[in-house]
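Remarks on the structure that follows.
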Amino acid sequence: MTIELLKGNVALAEAAIRAGVEAYFGYPITPQTELLEHMAKRMPELGRAFVQAESEVAAINMVYGAACTGVRTMTSSSSPGISLMQEGLSYIAGSEVPAVIVDIMRGGPGLGNIQPSQSDYFQVTRSAGHGDYHPIVLAPASVQEAIDLMTEAFDLADKYRHVVYVVADGLLGQMMEPAELPPMQPLRKERAGWALTGSEGREKRIITSLQLNAPDLEAVNLRLQFKLAEIRKREQRSTEMLTENVRLVVVGYGTAGRIAETAVKRAREDGMKVGLFRPITLWPFPERRLSALADQVDAFLVVEMNAGQMLDDVRLAAGGQVPVSFVGRMGGVVPVPEEIYDKIEEIYVKLPVRVR
Amino acid sequence: MVEEKVVYQRPDALCDVPTHYCPGCTHGVAHRLVAEVIDELGVRGRTIGVSPVGCAVFAYQYFDMDGAEAAHGRAPAMATGIKRVMPDHVVFTYQGDGDLAAIGIAEIIHAATRGENITTIFINNAIYGMTGGQMAPTTLPGQRTTSSPSGRDVELTGYPIRMAELLAGMPGAAYVARQSLHSVKEINRAKRAIATAFKAQLAGLGFSMVELLSSCPTNWKLTPPEALAWVEQVMVPYYPLGEYKVTDEVRALTRKQG
Ligand SMILES: Cc1ncc(C[n+]2csc(CCOP(=O)(O)OP(=O)(O)O)c2C)c(N)n1
Ligand code: SF4
């Protein structure tokens with residue numbers, strides 16, 4: 001294994017290839033286009049499917065089709081393109097086929113801009129299109145973590161037959177960092193027992209999200225909810241730094257988590273008892289660990305590159321036990337460590353005398 | 001003893017289940033033709049059908065083969081995804097005119113443009129059947145629907161779209177035809193067109209589409225015989241029947257195989 005200097009988008013694409021993705025469908029949009037371009041070159045080389053679709057609407061429905069045959073398949077896009085995919089994602093979740101979607105988020109709303117942002121937190125964690133469910137959402141903070149999570153995304157998608165997002169912002173997508181790619185996994189030879197492979201020698205199979213009778217559709221929903229409860233129980237992931245015996249915990253994911261890390265380190269140097277909590281799964285949100293921390297600290301500070309979306313989840317996890325503050329920038333403005341440091345200091349000096 | 005000879009029976013590719021189609025609707029005829037062709041080609045075990053959103057939404061329940069249900073208009077995209085990873089399988093979409101010519105027009109044009117090696121069966125009944133008879137892109141000038149209550153006004157809504165002619169213009173299309181289901185003679189022609197379309201796919205020649213003029217007695221508010229007469233007298237003049245694109249390769253194929 002060798003360490004190479006890799007651009008985030010390219011690393012994501014190559015990691016997906018090594019994880020055995022057999023079909024990629026996508027539409028160009030900055031800041032994820034290098035991912036599509038890498039696929040355009042590599043997939044045909046390997047005899048795998050690549051189609052530049054006519055739109056993100058078509059791309060996600062191509063993914064849906066390929067997913068129905070039981071192969072690993074994916075698309076990638078950025079915020080406006082993800083908006084266009086919502087209906088298709090809902091069909092994929094409703095018919096329980098596995099699919100992986102990369103969202104390299106940019107500033108919104110509307111056409112917004114192509115600068116790094118985390119403006120899609122609501123869009124990706126609350127639902128993927130209409131219906132009553134959450135997709136699984138993974139949020140790397142470095143190129144190496146992007147590679148690792150890309151591999152895991154396919155395993156999770158297969159395991160739960162569900163939509164799995166890998167979300168990052170343009171900064172991570174465009175950034176070059178040393179990282180190590182895993183070896184090439186062999187393509188699967190066997191298709192799953194539900195996959196559409198032609199009915200030769202067996203009963204026919206149907207993949208649909210349609211259930212006209214309310215009780216039948218409720219049964220589908222109950223199964224989906226049961227699965228989501230399992231995911232919630234088993235798949236919450238987070239990482240933390242210096243959270244022992246601290247008074248304030250800063251919570252940030254992806255790029256914002258990394259910038260917050262710099263600010264937290266400086267605050268420690270200046271004698272403040274501050275730690276960092278970085279969610280890796282945005283859904284399921286790592287609420288168990290964060291709730292436990294709420295028992296031990298005096299305050300949370302949420303850092304995001306949006307107006308405060310994960311803030312809701314942190315508040316829920318805090319359960320009213322500790323105050324939750326927020327610092328963030330919008331519209332593609334990346335916060336600098338200084339402004340996070342200033343906010344940490346502002347909160348820290350006002351923390352009540354410890355009564356615990 | 002009287003000797004019994006079976007002269008007509010359900011094709012193997014159709015399930016023995018009741019359909020939900022209205023009496024006199026030609027969706028059922030179209031299903032039967034597709035099933036007969038698939039049986040005759042002997043490809044049922046490796047065929048995957050993609051159903052639309054529209055009256056044919058349950059087509060996957062009626063065809064005895066693997067099937068998937070696409071989002072409204074997206075069947076050609078879904079079929080593309082399937083075909084690209086299962087190139088040795090036969091993949092077809094079955095779509096209505098709202099599905100194919102309105103919400104899904106981008107997907108069908110691009111599937112044809114790419115020369116996607118799939119077959120599309122396109123049911124043109126000049127109306128949105130499933131949602132209760134609204135104007136479709138194929139609704140004829142002056143035709144009354146629930147969303148064009150005083151008749152389709154071409155000044156406001158434009159003219160009906162001729163999909164066979166449009167798709168025939170795509171270089172990736174190998175075979176494009178329009179046939180009708182209003183009489184036995186036309187039904188036989190329609191079957192031959194469907195057979196050619198599937199044969200083109202089996203030979204890997206590219207995109208194929210058969211448009212079928214079809215009746216919707218329920219939303220046209222006509223009896224089944226009146227509806228068939230309306231297809232013949234009103235639809236056929238606006239939508240001329242025939243083959244609109246037959247590449248040399250496809251022609252060679254039909255000559256060879258008869
Ligand atoms: C995104 C979306 N928009 C609208 C609908 C509602 N809808 C269901 S069927 C249909 C029209 C189908 O008409 P057509 O394709 O002509 O088929 P037919 O029913 O006539 O066979 C519409 C608009 C839907 N299901 N999804
Ligand atoms: S509504 Fe029209 S198209 Fe639909 S099944 Fe009835 S007759 Fe056929």
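This one's a predicted model, so the numbers in the text were calculated from it and none came from an experiment. A, B, ... follow the sequence lines: proteins, then strands. Residue 1 opens every chain.
- In terms of heavy-atom pairs under 4.5 Å with chain A, the best-connected choice from B:Asp66, B:Ile82, B:Val43 is B:Asp66.
- There is no side-chain donor-acceptor pair under 3.5 Å between B:Tyr128 and B:Thr146.
- Counting heavy-atom pairs under 4.5 Å between each of B:His72, B:Arg46, B:Gln61, B:Met65 and chain A puts B:Met65 at the top.
- Between B:His31 and B:Tyr21, the side chains place a donor N or O and an acceptor N or O closer than 3.5 Å (distance only, hydrogens not considered).
- Using a 4.5 Å cut-off between heavy atoms, B:Ala70 contacts chain A through its backbone alone, with no side-chain atom that close.
- A:Ser76 and A:Tyr24 share a side-chain donor-acceptor pair at under 3.5 Å.
- With respect to the salt-bridge test (charged N to carboxylate O, under 4.0 angstrom), the residues A:Arg42 and A:Glu45 qualify.
- The part of A:Arg202 that comes within reach of chain B is its side chain, from C-beta onward, which places non-hydrogen atoms under 4.5 angstrom from that chain.
- Both the backbone and the side chain of A:Thr197 come within contact range of chain B, each with at least one heavy atom under 4.5 Å from a heavy atom of that chain.
- Chain B forms more heavy-atom pairs under 4.5 Å with one residue of A:Val63, A:Val57, A:Ile60 than with any other, namely A:Val57.
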Worksheet entry | ring pair (Phe, Tyr, Trp, His ring centres under 6.0 Å) assessment of B:His20 paired with B:Tyr62 | CA-CA 10 Å; B:His20 68 285; B:Tyr62 309 143; 5.7 Å; yes
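- Per-residue counts of heavy-atom pairs under 4.5 Å with chain A were compared for B:Asp64, B:Thr113, B:Val90; the largest is that of B:Asp64.
- For B:Tyr159, the OH atom counts as loosely surrounded, since its 6.0 Å shell holds 12 or fewer non-hydrogen atoms of other residues, nucleotides or ligands.
- Contact of B:Phe58 with chain A is made through the side chain alone, with heavy-atom distances under 4.5 Å.
- Side chain of A:Thr208 to backbone of A:Leu210: a donor-acceptor contact under 3.5 angstrom is found.
- If you measure heavy-atom distances from A:Ala66 to chain B, the contacts under 4.5 Å come from both the backbone and the side chain.
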